[in-house]
Amino acid sequence: MSPSRLDTDLRDRLHALDRAGLLRDTPTLSHPEPPFANRNGRRVLVFCSNDYLGLAAHPELRAALAAPTAELGATASRLIAGTRPAHHALEARLAAFVEQPAALLFSTGYAANVGALSALIGAEDVAFSDRLNHASVIDGLRLARGATHVYAHADPDDLERLLRRHRGTGAAWIVTDAVFSMDGDLAPLTELRRLADRYGAYLYVDEAHALGVLGAGRGLAIDEDARADVVVGTLGKAFGVAGAFVAGPRSLRTYLENRARSYVFSTAPPLPLLAATDRALDLVRDASQRRARLRRLADQLRAGLRQQGHDVRMDPTPIVPLPVGAPEQAMALERALLERGLYARGIRPPTVPPGTSRLRLVPTAAHRSAHVEALLSAIRDAHEAP
Ligand SMILES: *Cc1c(COP(=O)(O)O)cnc(C)c1O
C-alpha cells in the first residue's frame, strides 16, 4: 500500500520538527525503586520525576491501591451515577488540608485548570496571567470567553500597569502558578494578594509544585498568608498518585459542578485511586522530614552548580533549571548524562521560550547526598568532555 496523503503530510511535519531539534521521544521506564529506574533497558539514576517526596512507590500507597474495593470504575460522570461517598470524603479532607471550605476533584491538573478557568472567566471578565504559567492555565484562559492579559514573569509592577489599563465590566482574575514548573521560582504571592485587594480582583493559585513540598506542605498561599480565592492542587506530583482538585468557597464547588465542562463530561475518578490518594494525604501531611531532606538536597545541587560557574538561582524549590540555550545543546547534555548512568530531561520550546532550553534537574526525598554528588560530577565531566 502506498503511503496515504495524511501519512506523507505528517512525516513532513515530523521532519521539520527534527530539523529544528524539537522532535520528542517517549522513553519507557520502570521505576519501582526510586531514585533508580530501568530506562529503555538500562539502570539509571533519575533526576526528572515530580515524585518530590518519593511516595509514588511507597508500600502503603501500593497497599491502599491494591486493597479490595467493592467497585473499580465509577461507571459514569459525577453528575450522572459516578459519585460515591469516598469522593465527598476525599474532597472534604483535601479542602481542609488547604484551609478552604470546599473542594472538587478533577481527573488531572490539566483538566482542573482548563475546566475551572474556562468556567469562571466569563465574557465580561478579564484575566491577568503570568507569562510563565503552566500550559494547562494558558489553555484554560484560551477557552475562557473573557480577555487575557499576560504580565511579565513574577513582576507585580507590570501586573499593576495592566490592572490599571484593563478594567473590564465584570470580574478581574489574577492567575498564577505558585511554583513555576520549568524555572522552579516562586510567584510573589504577597504582592499579588495586595494588588488583588487594591484592584478588587480575585487571586487564582495553581499549587501543583508547592503542595506537599514547601513549608508545611499545604501550599505557598498558606505559607505566605496570601489568601487565595481559588486554589488548584495536583495529586500526581508530591502525592505520588494522580488527579487534582480545585478548592475555594462552597459556592465555587457548586458552580464548577454545574459549569466546568472537564468535570461534567468526564467519568468520575475510580475508587481504588481515591483510597490511595486518601492514604497519600496522610503521608504528605506527616512528611516534614522528607520535605527537609528534599530542601537540603536541592540546596546542595544549586550550590554545587553555582560552584561550577552555572547561572543557577538559590530558590527554595526542588526544580533546578540548568540553562543551556539551544535545543540541540540541551539534548546533547541529556545524552552525555545518560552515558554516565543519569537521567535528566532536556526541556525545549514550546515548553519553554525559544533560546532558553535547559536541563530540568529535580532531586527528590528518595535521593541521598551522594546521588546529588554523582549528578554534579557527571555534569562537570560532560562539560569538560568535547
Ligand atoms: C503538572 C502541572 C499541571 C497538570 O497536572 P496533571 O495532573 O499532571 O495534569 C497543572 N499545573 C501545573 C503548574 C503543573 O505543573
Side-chain angles (χ1 to χ4, degrees), residues 26 31 48-53 55-56 61 90-91 94 98 103-120 127 129-144 148 150 153-154 173-189 192 203-214 219-221 228 230-247 256 260-263 266-270 273-274 276-277 280-281 284 315 317-321 345 347 350-353 358 360-362 364:
T26 308
H31 197 17
C48 51
S49 112
N50 295 323
D51 180 23
Y52 296 118
L53 299 178
L55 297 183
L61 290 196
L90 180 58
E91 285 170 343
L94 290 168
V98 297
L104 190 65
L105 282 167
F106 285 76
S107 53
T108 65
Y110 187 91
N113 278 323
V114 165
L117 290 166
S118 61
L120 288 170
S129 174
D130 188 290
R131 192 171 74 88
L132 295 188
N133 276 340
H134 189 261
S136 58
V137 169
I138 295 171
D139 292 359
L141 292 171
R142 281 183 184 157
L143 267 180
T148 292
V150 175
H153 174 54
W173 290 83
I174 299 171
V175 183
T176 188
D177 292 4
V179 173
F180 291 89
S181 53
M182 297 300 137
D183 291 72
D185 57 342
L186 303 183
L189 284 190
L192 298 188
L203 181 59
Y204 178 113
V205 181
D206 179 344
E207 299 271 16
H209 296 279
L211 200 68
V213 176
L214 303 180
L220 185 64
V230 178
V231 169
V232 175
T234 61
L235 305 170
K237 288 166 181 156
F239 276 66
V241 193
F245 63 93
V246 181
L256 293 179
R261 294 168 66 85
S262 62
Y263 169 90
S266 196
T267 301
L273 192 68
L274 302 181
T277 309
L281 180 50
V284 167
D315 288 311
T317 77
I319 301 170
V320 183
R345 207 68 168 127
I347 307 285
T351 307
V352 293
R358 66 200 67 180
R360 179 179 182 269
L361 304 169
V362 182
T364 71

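What you see below is based on every heavy atom in this structure, not just the backbone, and it leaves out hydrogens, waters and symmetry mates. Count residues from 1 along the sequence. Just so you know, ligand 1 is whichever comes first in the structure, and atom 1 is the first atom listed for that ligand.
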Verdict with supporting geometry, Val98 and Glu207, side-chain contact (heavy atoms from CB on, under 4.5 Å): CA-CA 10 Å; Val98 297; Glu207 299 271 16; over 6 Å; no
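Of the protein's non-hydrogen atoms, Lys237 NZ, 2.8 Å is the one closest to atom 14 (C) of ligand 1. Nearest non-hydrogen protein atom to atom 6 (P) of ligand 1 is Gly109 N, 3.3 Å. Of the protein's non-hydrogen atoms, Tyr110 N, 3.6 Å is the one closest to atom 4 (C) of ligand 1. Of the protein's heavy atoms, Asp206 OD2, 2.6 Å lies nearest to atom 11 (N) of ligand 1. Of all protein heavy atoms, the one closest to atom 15 (O) of ligand 1 is His209 NE2, 2.5 Å.
Under a 4.0 Å heavy-atom criterion, Ser136 is in contact with ligand 1.
The one candidate from Leu235, Val284, Leu61, Leu105 that meets the side-chain contact (heavy atoms from CB on, under 4.5 Å) condition with Thr277 is Leu235.
Side-chain contact of His153 with Asp183: a donor-acceptor pair under 3.5 Å is absent, judged by distance alone.
Inter-residue side-chain proximity for Val232 and Tyr204 is flagged as met; some heavy-atom pair is nearer than 4.5 Å. Looking only at side-chain heavy atoms (C-beta outward), Leu132 and Pro353 come within less than 4.5 Å of each other. Contact annotation: the side chain of Ile138 never approaches that of Val150 to less than 4.5 Å [non-hydrogen atoms, C-beta and beyond].
Between atom CZ of residue Phe245 and atom CG of residue Leu90 there is a gap of 9.0 Å, rounded to the nearest 0.5 Å. Within the model, atoms OG of Ser118 and CG of Leu141 stand 9.5 Å from one another, a figure rounded to the nearest 0.5 Å.
Distances below 4.0 Å separate heavy atoms of Thr234 from the following atoms of ligand 1: 5 (O). The Ser181 neighbourhood of ligand 1 comprises atoms 15 (O), with distances under 4.0 Å to a heavy atom of that residue. Ligand 1 places these atoms under 4.0 Å from at least one heavy atom of Thr108: 7 (O), 9 (O).
Residue contacts with ligand 1 for Asn113 involve side-chain atoms from C-beta outward but no N, CA, C or O (heavy atoms, distance under 4.0 Å). Proximity of Asp177 to ligand 1, defined as any heavy-atom pair under 4.0 Å, is confined to the side chain (atoms from C-beta onward).
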